[in-house]
J.: 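Handing you a structure now.
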There are 2 protein chains.
Amino acid sequence: MSPRPSLLSSAIVCPRSIPSLRPAFLLSRVPGSSQSFTGHTSAVHRKPQRHPAYPSSFPRPSPRLSPQPTRTMASQTSHSKKHKVCIVGSGNWGTTIAKVVAENTKENSDIFEEEVQMWVFEENFSFADNSKHAAETKNGPQKLTQLINKLHENVKYLPDIPLPHNIVANPDIADTVKDATILVFNLPHQFIAKVCTQLEGKILPFARGVSCIKGVEVSPDKGCELFSEVIGEKLGIYCGALSGANIATEVALEKYSETTVAYDPPTVDSPTSTSDQKSKTALQPVPKEYPPVDHANMHKLFHRPYFHVRLVSDVAGVSLGGALKNIIALGAGFVDGLGWGDNAKAAVMRVGIMEEVKFGKAFFSTVRTKTFTEESCGVADLITSCAGGRNFRCAKMSVAEGKPISEIEERELNGQKLQGTSTAYEVNAFLKKQGKEKDFPLFTAIYNILEGNKRPQDIPALLYKSNL
Amino acid sequence: MSPRPSLLSSAIVCPRSIPSLRPAFLLSRVPGSSQSFTGHTSAVHRKPQRHPAYPSSFPRPSPRLSPQPTRTMASQTSHSKKHKVCIVGSGNWGTTIAKVVAENTKENSDIFEEEVQMWVFEENFSFADNSKHAAETKNGPQKLTQLINKLHENVKYLPDIPLPHNIVANPDIADTVKDATILVFNLPHQFIAKVCTQLEGKILPFARGVSCIKGVEVSPDKGCELFSEVIGEKLGIYCGALSGANIATEVALEKYSETTVAYDPPTVDSPTSTSDQKSKTALQPVPKEYPPVDHANMHKLFHRPYFHVRLVSDVAGVSLGGALKNIIALGAGFVDGLGWGDNAKAAVMRVGIMEEVKFGKAFFSTVRTKTFTEESCGVADLITSCAGGRNFRCAKMSVAEGKPISEIEERELNGQKLQGTSTAYEVNAFLKKQGKEKDFPLFTAIYNILEGNKRPQDIPALLYKSNL
């Protein structure tokens, strides 16, 4: 076995040492296609991004794509129009995604218009006296949009993160979405209905959407409603979803992470698609003058050297992962609070992934197992949530201190509510109505522990009956 | 939404409230079969085990089985002989498994002889003066086997854990395995060859084995050798494997955990099997006088209320998971040492699982994806290792402190070596010889970081080329 020298001695990554930079699908399908090759090498010579963990000398590698050769090849051809992308929402996560998207529209100006409009719920803002920006509001509070556009920083919701200058904060939602062909929704889920009402009749009929809003709406009456479907049906457009192990601040700081984008182009856009078999609205196709809205271009819109994107078509699975993980994080917190150690925590997480799969397949025909077991939106998001997320932490404290979780919630989250507990109650009410409580022993156990009908110590016995 | 009362108010679990206790496979195949029903209800009335997290009033639920209807039914019929089980090895993990097995042979005395012989490498032992057992060795050191058999405690390797009285410590390896039909191997991998040589000609020709030894032997010349195969071929028997998220001390303390038992009965024992397609030795069938060695009885041998067992047939996958996870844990430690946070750590773990799958499928025809993505031996074992295992911790310290990992290893492990680093070098030498280094960007990145050819900061760029 070789010796193990210091980690400190390191070599420079030499681009020449990297094999063919042409995307795999091009290599395999159109060897030597000058068009696609030019298209790709241009990427190599793009202005490198500032990113500590990513040598600017490093070439742009091949994107990770789901196989869609036809549309992918089409995306390499020239089009008379470009996509106009806007962001609906400007909180911590919304502004972070705006940053990612704006960096990419600038880098891919052959496909996207550089400018990215970002809707901001207008409010007045004053800096603290010790802020480096204090002078900006010395004569009184200023409008948040004006401060964002002047300082290129969301001083209230993402302070100290420089934003690309091609982001334009806009207080007028109708003006924000005007002529936009791709709408990225990233706002608290309780505002979805109101915002969609404001947007009705204001957007292009052939616009496409991506929802970055985690979770699903579960109720005994309506069943499981995906936020992407709620948005799509309200606006009469197709809407995909983005979800992953993405703590917003870490992404904003350009620390390495992955995400999953679920986009299943409707058949009016792609003959190979299956998505609108379940779509309740008649869709208008994206005009041929625009580059296709497909996996290749979705990858160009969201993928960064520090934010790796994988494309899938399972919108339901991606959305469910972001919701159900919060119930599982409570369970992991319960057993950790008992001092049972890492074996027990890992066991609850594994059973939890299997119940996510079972839930998805039971209620959505299009769900695929691997969305939960192999993608960032599934296993990786769960790992992050159980590493120290608020649901995990509060559940652990409640058991360790022998206090009701509601008391911990009040103490730790100053007024905010745990998503895990409400999701656990909603999912249980839904499962009860479906007569399927017993098919989901972990979800049911966590509900019963919250209700005081069972103890965390009962979890092994309750999962004993599970076949997951 | 319902209110959330205290976690402390808890209800008693009432056996009567539990639905049919008959195993699912019996319900579905032989409704009302008095034989199987009797066989099952007898389990309900078994003496309950002491286990803090498991109400003794709770009935024994249906085992989790891979579908093997014929053999499973057979296992319910009466046989003139019982299986004699022995444990080869008596360290921390070996003694823990002996405890699990001995509890089960006592509970399932219709299938197994209660007594479990455990081979102990004989040594003299003296208690510290302040030990509760100090009197035992006041006249000088005593033989470890005698102390174990008198005190029913492995005072050296698993102190303070009471062992079932049906465990018999035996210093004579030939005598330990005499007449044993099931051999459980649980000793440090470096002793396998020597022990197998001592066992040649001493074991029953139709004996079956289970290896609890984590890892595989990887070399450029021999390729990947599973310890279970090394044992099986050396002794001319079939050998399965047990691996999972199993920190020995937590299992010994009866804290909840899961494990995976891989056993693919050879065709001489089960016509449905595929296992000995690759077996290099002609096997003798288990005589019909014995209960079948199948998933149902393997479950009875290892499953406990605190140690949940899932059966699979993918021996190679189960063995690889326990080895490759240590390389991935180094990678997770590297990015965590950079302060990149939970997103980055989860990303490395997710890519790692995918590389485990790719490695398994590249070099073993029988490997199944779900062994890594859905079983305790895969995703759960990786989660535990990356939560605070020695490979993760030392890698993190090496980056955080800017010191070579070899220096941290010496400082932290007093003389012991990290498995992750040696496995990373062995796997890389093997991949180099196969010309497949580039197909495993994470494993290759970690090797190159250990070698000083790359920096932890390069990981995102190096994985950028991955399609996993």
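So you know, we letter chains A, B, ... as the sequences are listed, proteins then strands, and number each from 1.
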J.: Determine the option with the most heavy-atom pairs under 4.5 angstrom with chain B, choosing from A:Ser257, A:Ala387, A:Gly244, A:Ala429.
T.: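 When all of A:Ser257, A:Ala387, A:Gly244, A:Ala429 are compared, A:Ser257 has the most.
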
J.: Is the shortest side-chain heavy-atom distance between B:Asn343 and A:Lys255 below 4.5 Å?
T.: no

J.: Which one wins on heavy-atom pair count under 4.5 Å against chain A: B:Thr249, B:Val251, B:Thr373, B:Val348?
T.: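 Top option by heavy-atom pairs under 4.5 Å: B:Thr373.
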
J.: Over 60° means perpendicular and under 30° means parallel, so classify the ring planes of A:Tyr464 and B:His308, tilted if in between.
T.: parallel

J.: Most heavy-atom pairs under 4.5 angstrom with chain B, which of A:Gly341, A:Gly378, A:Ala347, A:Ser376?
T.: A:Ala347

J.: Do the charged groups of A:Arg310 and A:Glu258 touch, with an N to O distance under 4.0 Å?
T.: no

J.: Heavy-atom cut-off 4.5 Å, strictly under: side chain, backbone, both or neither for A:Val357 against chain B?
T.: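 Neither part; nothing is under 4.5 Å.
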
J.: Salt bridge between B:Glu409 and B:Lys417, side-chain N to carboxylate O under 4.0 Å?
T.: yes

J.: Given that the side chain runs from C-beta out, which part of A:Thr369 has a heavy atom under 4.5 Å from chain B: side chain, backbone, both or neither?
T.: side chain

J.: Would you call A:Arg455 and A:Asp458 a salt bridge, using N to O less than 4.0 angstrom?
T.: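 A salt bridge links A:Arg455 with A:Asp458.
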
